[in-house]
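Take a look at the structure below.
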Amino acid sequence: MKLRSPRAATFAAALAAAVVAATLVAPPAASAATAAFVRTSSWSSGYEAKFTVTNNTSASIGSWNVQFDLPAGSSLGSFWDATMTTAGQHVTAVNKSWNGALAPGASTSFGFIVAGTGDPTNCTVNGGSCTGGGNPGGPATPGGLRVTGTTAASVSLAWNAVSGTVTGYRVYEGSTVKATLTGTSTTVSGLATCSAHSYTVAAYNSSGESAKSPAVSATTTGCSGGNAPMAAAPYLYPGWGDPPAPSTVMGATGIKWFTIAFVLSGGGCTPAWDGSGPLTGGAHANTIAAIRAAGGDVIPSFGGWSGNKLGPNCSSASALAGAYQQVINAYGLKAIDIDIENSDEFENEAVQDRILGALKIVKQNNPGIKTIVTFGTTTTGPSYYGTRLINQAAALGANIDTFTIMPFDFAGGANMYQSTVNAAEGLKNALKSAFGWSDATAYTHMGISGMNGLSDQQELTTAATWTQIRDWAKARSLSRFTFWAVNRDRPCPGGGVVSNCSGIAQNTWEFTSITAQYN
């Protein structure tokens, strides 16, 4: 039993340490569909790649087909998430039954292996140019946009150079041009302290401008304790472990935000609290109302260790994004947490990609919302699946704000402070590798989600240890600091691993009080 959580893999994509991004898209018209190519892994005799088909129209697309040519000496191998056929060097990819329908702004991807080193050429989607704009002379979209540093007043960016004829690059924040230059790096200055920003980059030449790259987000430094007060948001589970009255905890500790567990599947792709409770009008809704009445706010958490989850049940990224959107709309949310665990989501690569694609759509449709992914770790950092999740988030341009590890139930041993720090440093290194971030920037995209008292593996995190971990995280401005769970934040020395107390000697709500001081 995992006490922390009453909480159809496709072809496995073996990601390289660095993702080589080479897109084919050029400037899309507002009414066009596009298909963007990217290599996800390369070796001496071939590569793995994918196309991402995006509906840039104002109406739904019922189906799609992508056609392209491979140069002589290159041939199609295995493929997934599309039906692919060849005629000589010409390749046609047609959607599967479950990923053909795309709502306005939605995307889906298919992947394949190529024997040989040549990239696709002459790409079309639904009969039109893959660039969407019918502008064959325009440059390709820059790949690899990344944040390389932040200060209290600036954000530094870099991206990969585009081959072919390129006059220069334009960096955008929304529709506003923030910089025009001929190089592949810039610093946007004059920004407010602790302010959030999102940037894209496009290449241009005399024929026009490319499509904008996937967005990256950054927050200038100078925040108090990460992104206060949202950063400190311990888990509260209204359906488990003798849930306390939120106003009691808030009054005793000063905590303002809670992460509310858990949104699951109520059947198919329909969200429901605990898999059966209504989105509004039930115990979870009443808890949220009480928190807001006391001056606080909430971050709903989707998933967890167990239960029937939305990720495997929703057939596409766009459908999953729609399920997330129902909850966002029901509560006017500022942030959501995807607790991605176990073999049905975390260790299912197709579901990982679906979740990341859905979060990308959520970010596009809800400007300013914060997206958090929470997952397990080893004592040295993310596992294979954690590293894959991070690399795929970068490759897909999912624009995740915070990657949160759960440093418990991971053979942490006697020194949970040092084991947690080691795991967090491993996360930092994985983020730096995937996104090209500096140490400081990587820390601001990180979170720690601990377990107070005794874990399922009998690892011991005392209040003193939790204070040490808090101070380490605060000194580095991590953007999330939380624990499982407020329900357990009560003393019961010798009580074992139970749902309504920590199993150790402590003051009531002591871990919540320590967490509240993160801000």
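Residue numbers count from 1 along this sequence.
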Classify the ring geometry of [X] against [Y]: parallel below 30°, tilted from 30° to 60°, perpendicular beyond 60°.
X	Y	answer
Y47	F37	perpendicular
Y235	F262	tilted
W472	Y443	perpendicular
F375	F346	parallel

Any side-chain heavy atom of [X] within less than 4.5 Å of one from [Y]?
X	Y	value
N308	L264	no
K360	N399	no
V53	S107	no
L356	R354	no
F302	L310	yes
P120	D69	no
Y169	T186	no
T124	N122	no

Closest approach of [X] to [Y] (non-hydrogen atoms, all atoms of both residues):
X	Y	result
A35	V66	CB-CG2, 4.0 Å
P312	E345	CD-OE2, 3.5 Å
A93	M84	CB-CG, 3.8 Å
R146	G436	CD-CA, 3.8 Å
S74	Q89	O-NE2, 3.0 Å
P271	V327	CB-CG2, 3.9 Å

Taking [X] for the side chain and [Y] for the main chain, is one N or O donor matched with an acceptor at less than 3.5 Å?
X	Y	value
E173	Y199	no
R480	I448	no
N95	W64	yes
S210	A203	yes
Y518	A473	yes
S213	P142	no
T52	T108	no
N329	Q326	no
T184	N160	no
N422	T380	no

D344: partners by salt bridge (Lys or Arg N to Asp or Glu O under 4.0 Å), with sequence neighbours left out: K309
K363: partners by salt bridge (Lys or Arg N to Asp or Glu O under 4.0 Å), with sequence neighbours left out: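 K363 satisfies salt bridge (Lys or Arg N to Asp or Glu O under 4.0 Å) with D401 once adjacent residues are dropped.
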Derivation of the side chain to side chain donor-acceptor pair (under 3.5 Å) call for N348 and Y385: CA-CA 9 Å; N348 185 322; Y385 288 104; over 6 Å; no
Stepwise side-chain contact (heavy atoms from CB on, under 4.5 Å) test for M406 and E341: CA-CA 10 Å; M406 296 184 288; E341 300 189 55; 3.4 Å; yes
Audit row: S318, I361, side-chain contact (heavy atoms from CB on, under 4.5 Å) steps and yes/no: CA-CA 7 Å; S318 57; I361 295 169; 4.2 Å; yes
Salt bridge (Lys or Arg N to Asp or Glu O under 4.0 Å) between K50 and D81, intermediate numbers included: CA-CA 10 Å; K50 70 176 181 179; D81 295 337; over 6 Å; no
Identified ring-ring contact (aromatic ring centres under 6.0 Å, His included) partner of F112 from the options F79, W80, F68: F68
With rounding to the nearest 0.5 Å, note down the distance linking [atom1] in [X] to [atom2] in [Y].
X	Y	atom1	atom2	answer
K96	F110	NZ	CZ	12.0 Å
W305	I340	CH2	CD1	12.5 Å
L102	S63	CG	OG	9.5 Å
I372	S449	CD1	OG	10.0 Å
T34	N55	OG1	CG	9.0 Å
L76	H90	CG	NE2	12.0 Å

Any donor-acceptor pair under 3.5 Å linking the side-chain atoms of [Y] with those of [X]?
X	Y	answer
T402	T404	no
N366	Q325	yes
D353	Q392	yes
T378	S383	no
T187	S189	no
T444	T441	no
T374	D337	yes

Cation-pi check, K212 onto Y172 ring (under 6.0 Å, within 45° of axis):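 Yes, K212 and Y172 form such a contact.
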Basic-acidic side-chain contact under 4.0 Å: D297, K256: no
Intermediate values then yes/no, side-chain contact (heavy atoms from CB on, under 4.5 Å), V373 and L359: CA-CA 9 Å; V373 290; L359 291 175; 3.7 Å; yes
side-chain contact (heavy atoms from CB on, under 4.5 Å) assessment of Y204 paired with V166: CA-CA 6 Å; Y204 68 93; V166 177; over 6 Å; no
